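Here's the structure we're looking at; comments come further down.
None of the values given here were measured: they were computed from a predicted structure. Each ligand, and each atom within it, is numbered from 1 in the order the structure gives.
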Amino acid sequence: MNVLVINCGSSSLKYQLINSDTEQVLAKGLCERIGIDGRLTYQKAGCDKEITEAPMPTHKEAIQMVLDALVNEKTGAIASLTEVNAVGHRILHGGEKFAGSFIINDEVIKAVEDCCDLGPLHNPANLIGINACMELMPNVPMVGVFDTAFHQTMPEKAYLYGLPYEYYEKYRIRKYGFHGTSHSFVSKRTAEFLELDLENSKIIVAHLGNGASISAVQDGKCVDTSMGLTPLEGLVMGTRSGDIDPAVMEYIAKKENLDMAGVMNVLNKKSGVYGLSGGLSSDFRDLEDAMNKGDKKAKNAIEVFSYRVAKYIGSYVAAMNGVDAIAFTAGIGENAPTVRKMVMSYLGYLGITLDEEANAKRGEEMVISTADSKVKVAVIPTNEELAICRETVALVK
Ligand code: ADP
């Protein structure tokens, strides 16, 4: 069957049409600047990208344009919309209500609405995407796949913050974790690739992209993860600070004369490796280039990033009382040998040794530890769209 995978952001929408039998991507692309002006990128498998500028006041027009492109007489990937058999929606926040994926119905929509205060930027956009698809494809089954679901197996000791318990009861303040689809996909694939028994394994997944998070997966279930109530906690990221002393917020507010929204803007958009590099870039390609030319701040940024990753790995070894395998994934995890090497330089105490030659490669599934390394370290490319497609098929079939 053909599954349309939709990932709505506040002003963007990414999509892929996947044939679930062959797992081939038939077409993919994105809509950007929704509500501003509008730009559709469409790429049919084996063809060049096409870019169309056209007004997209809301996600509904954006989805209509995607559907039109998919069935376009000349460049469409399918002949008619009847060839879209199901839609899988990525949904950011499922709170405590969703520990798995669900067929979308009124009850699910209501529950996603209830989680809007937990994911104020994404959940409303996700809902608009769902409603638009329901209007345009009323008879096609739709599935919601939640970024938080995989982490719902965390025990209380991992997800409770050291705050008054009533805030958890009244406001649901706790650690939820994100990138769950990726952590689930990569931990399963790591076990397969390294021939481990998933049900009896301790795997640490480092999802290092623009947004970055780590998870500890024991016997196939998440037992801890670095992102929290929101995707701001944990690792130092492209532009997000990750963990800081919470008192820094008040201090910045006073010194810079900022209100809470202003401080949050600094922590979300002006911090991370971007902030550390003095505003040079949030992209590790630029930072590596600058570091190699002797830029001290770029070097600091990469070192702070890698050190934080290594410390989280150490804490998850403690959480699981051991580790069988560590997997690097996402943009940086798959493509930045310098970062992987730096992280692994802290892990000698675990009996880990790096295979320098393997580590020099980029973007492929591979083992990067030596044959005698006590813990296997691998690069496992993530594929969130394929994971959403598989979840969708499992529920719809
Ligand atoms: P997200 O999905 O969170 O936007 P990605 O997983 O696509 O992020 O990762 C994007 C990041 O991956 C880029 O910002 C860049 O830092 C890093 N990256 C991509 N390719 C390379 C490369 N060849 N070398 C180093 N870093 C890379």
Do D219 and N200 come close enough that some side-chain heavy atom pair is under 4.5 Å? yes

Do F284 and F305 have ring centroids that are under 6.0 Å from one another? yes

Exam field: side chain R390 to backbone S20, donor-acceptor pair closer than 3.5 Å: no

Can you list the atoms of ligand 1 that are under 4.0 Å from a heavy atom of R362? 22 (C), 23 (N), 24 (N)

N or O pair under 3.5 Å between L208 and ligand 1: no

Find all atoms of ligand 1 within a distance of less than 4.0 Å from any non-hydrogen atom belonging to I332, and give their numbers and elements. 12 (O), 16 (O), 17 (C)

Is atom 2 (O) of ligand 1 less than 4.0 angstrom from some protein heavy atom? no

Could you check whether F178 and H151 have their ring centres less than 6.0 Å apart? no

Test: R174 cationic atom under 6.0 Å from Y176 six-membered ring centre, within 45° of axis: yes

Looking only at protein heavy atoms, which one is nearest to atom 21 (C) of ligand 1, and what is the separation? N335 CB, 3.5 Å

Numbering as shown, the atoms of ligand 1 that approach G211 to under 4.0 Å (heavy-atom distance): 3 (O)

Which residue and non-hydrogen atom of the protein lie closest to atom 8 (O) of ligand 1, and at what distance in Å? N210 N, 3.1 Å

Look only at interatomic distance and state if G331 has a nitrogen or oxygen under 3.5 Å from any nitrogen or oxygen of ligand 1. yes

Contacting atoms of ligand 1, where contact means under 4.0 angstrom from a heavy atom of F284: 15 (C), 16 (O), 26 (N)

Can you check side-chain hydrogen bond (donor to acceptor under 3.5 Å, both in side chains) on D372 and T370, steps first, answer last? CA-CA 5 Å; D372 60 352; T370 56; 2.6 Å; yes

Judging by distance only, is a nitrogen or oxygen of H207 under 3.5 angstrom from one on ligand 1? no

Would you say ligand 1 has an N or O under 3.5 Å from any N or O of K14? no

For atom 13 (C) of ligand 1, find the nearest protein heavy atom and state the residue, atom name and distance (0.1 Å precision). D283 OD2, 3.8 Å

What's the spacing between L198 CG and I203 CD1 if we round to 0.5 Å? 5.5 Å

Do the side chains of V186 and M237 join up, straight or via other hydrophobic residues, at under 4.5 Å, putting them in one cluster? no

